[in-house]
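So the structure is just underneath, and the comments pick up after that.
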Amino acid sequence: MIKFLNDIRNVEKPISNNRKIINTIAVLFLGIALGTFSKFLDFRQAELPSVLMAIDGALDVHNFLGRFAIWVLIALCISIYSNSAIRASINVFAFFIGMVASYYLYSNYIAGFFPRSYAVIWFGFTAVSPLLSFACWYARGKSKLALILSALILAVLFNMCFVYGCWYFNAKSVLEVIVFIIGLIVLRRDTLRSSALMGTISIVLAVLLDVVISYTTWKSVGWAIFHGLLSWAYVIYFLLRY
């Protein structure tokens with residue numbers, strides 16, 4: 001198994017234990033800062049300083065921070081640029097512990113309410129984040145499997161950043177478009193051809209994921225296939241048209 005994983009991506013240059021501790025503490029405090037800021041922005045949006053209020057009004061930052069895309073991107077960056085897959089798991093887990101804990105502590109003790117259903121989702125996501133980040137670290141490898149992993153991650157990010165269906169295709173916001181572009185840059189391959197192949201595979205996987213979601217929603221194989229085909233056709237049309 002170790003040889004199989006090393007064939008995908010080798011461990012980077014070793015770093016000292018002190019450096020490892022500093023990196024983990026840094027991402028923990030980054031999570032705490034971002035979680036606190038996210039909840040502050042959401043809770044105090046009517047009382048923000050004028051500049052921050054103007055930015056939030058123009059870009060809808062508080063709702064953007066309430067969606068998954070930005071957090072997945074940050075976790076992806078932490079994972080990809082960690083020293084090893086194990087370090088990626090530790091660092092990403094520390095980040096989400098800091099972010100989720102600070103967000104819901106602020107919500108409970110300062111905002112005065114605790115959204116239990118959303119908290120359960122984020123607690124669950126935090127629990128599985130070490131496993132997901134472990135796999136994500138290998139996406140920057142050189143093998144074909146690494147390319148598939150990159151395409152799958154990009155497909156998930158694509159579905160988080162864009163909404164599309166039979167006759168429509170839209171970005172959720174300008175900020176989500178930026179998130180997707182950064183994701184493309186982070187996951188880029190060594191050559192333009194490989195990057196283009198990754199992008200193409202990611203769109204196909206995104207539509208397939210959409211088909212699966214459609215099936216679980218409507219319980220109809222025919223409608224899921226029909227929905228997927230039309231979605232894919234419109235994505236092609238949109239790319240050619242615009």
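Hydrogens, waters and symmetry mates are skipped; everything else that's a heavy atom, side chains included, is used.
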Sorted by chain and number, sequence neighbours left out, side chain to side chain donor-acceptor pair (under 3.5 Å) with D190 holds for K142
ask   = Is the distance between the ring centroids of W137 and Y81 less than 6.0 Å?
value = no
Do I55 and V51 have side chains that get closer than 4.5 Å, going by heavy atoms? yes
Any chain of hydrophobic side-chain contacts (each under 4.5 Å) joining I185 to L187?
yes
In short, salt bridge (charged side-chain N to carboxylate O under 4.0 Å, His left out) pairs touching residues 194-207 with sequence neighbours left out are none
Rounded to the nearest 0.5 Å, the OH atom of Y138 sits from the CG atom of L145 at a distance of 10.5 Å
Heavy-atom closest pair (A88 atom, S133 atom, distance to 0.1 Å) is O-OG, 3.5 Å
message: Please say yes or no: joined through hydrophobic side-chain contacts below 4.5 Å, possibly via intermediate residues, are F96 and I74 part of one cluster?
response: yes
Quick note, side-chain hydrogen bond (donor to acceptor under 3.5 Å, both in side chains) partners involving residues 110-120, not counting sequence neighbours, are none
For K39, the side chain to side chain donor-acceptor pair (under 3.5 Å) test, sequence neighbours excluded, returns D42
| task | Any chance you could lay out the side-chain contact (heavy atoms from CB on, under 4.5 Å) test for C136 and I153, step after step, and finish with the verdict? | result | CA-CA 8 Å; C136 286; I153 295 167; 3.6 Å; yes
Note to self: Please determine whether residues L30 and I25 belong to a single hydrophobic cluster, defined as Ile, Leu, Val, Met, Phe, Trp and Tyr linked transitively by side-chain heavy-atom distances below 4.5 Å.
What the structure shows: no
### Query
So do the side chains of I182 and L73 get within less than 4.5 Å of each other, counting heavy atoms only?
yes
Nearest heavy-atom contact between I110 and R44 is CG2-NH2, 4.4 Å
Taken in chain and number order and not counting sequence neighbours, the residues that satisfy side chain to side chain donor-acceptor pair (under 3.5 Å) with R87 are T24, N91
What I'd like to find out is whether the side chain of S102 reaches to under 4.5 Å of the side chain of F40, using heavy atoms alone.
no
Verify, without hydrogens or angle tests, whether R19 (side chain) and P14 (backbone) share a donor-acceptor contact under 3.5 angstrom. no
One should read off an interatomic distance between L147 CG and I201 CD1, to the nearest 0.5 angstrom, of 5.0 Å
Is it true that, when you exclude F113 itself, more than 12 heavy atoms of the residues, nucleotides or ligands shown sit nearer than 6.0 Å to its CZ? yes
So NZ of K172 and CG of N159: to nearest 0.5 Å the spacing works out to 8.5 Å
Of all heavy-atom pairs linking F114 and A119, the shortest is CZ-CB, 3.6 Å
Minimal heavy-atom distance between A155 and L205, with the atoms involved, is CB-CB, 3.7 Å
dist S202:OG -> L154:CG (nearest 0.5 Å) comes out at 4.0 Å
Same cluster for V11 and I86 if Ile/Leu/Val/Met/Phe/Trp/Tyr side chains link at under 4.5 Å? no
Residue set satisfying side chain to side chain donor-acceptor pair (under 3.5 Å) with S129, at least two apart, ordered chain then number -> none
Exercise. Do M99 and I32 have side-chain heavy atoms sitting under 4.5 Å apart?
Worked result: no
ask   = With side chains defined as the heavy atoms from C-beta onward, is the minimum distance between F123 and V100 less than 4.5 Å?
value = yes
Q. Does a side-chain heavy-atom distance below 4.5 Å link F68 with W122?
A. yes
Note to self: Has S195 got a side-chain atom pairing as donor or acceptor with R189's backbone, closer than 3.5 angstrom?
What the structure shows: yes
**Report entry** Hydrophobic cluster identity match, L28 and I15, side-chain contacts under 4.5 Å
**Finding:** no
Value for CD1 (I203) from CZ (F158), rounded to nearest 0.5 Å, stands at 5.5 Å
Regarding S79 and S82, do their side chains bring together a donor and an acceptor under 3.5 Å, going by distance alone?
no
TODO: Report yes if the side chains of F125 and W71 come closer than 4.5 Å at any heavy-atom pair, otherwise no.
DONE: no
Output for pair (F162 CZ, L157 CG), nearest 0.5 Å, gives 8.5 Å
Shortest non-hydrogen pair, E176 vs R67, comes out as OE2-NE, 2.7 Å
Item to complete: Say whether, by atom type as modelled, one donor and one acceptor occur between the side chain of D60 and the main chain of S173 under 3.5 angstrom.
Response: no
Correct closest heavy-atom pair for L41 and V61 would be CD2-CG1, 3.5 Å
Using side-chain heavy atoms (C-beta onward) and a distance below 4.5 Å, is F95 in contact with L34? yes
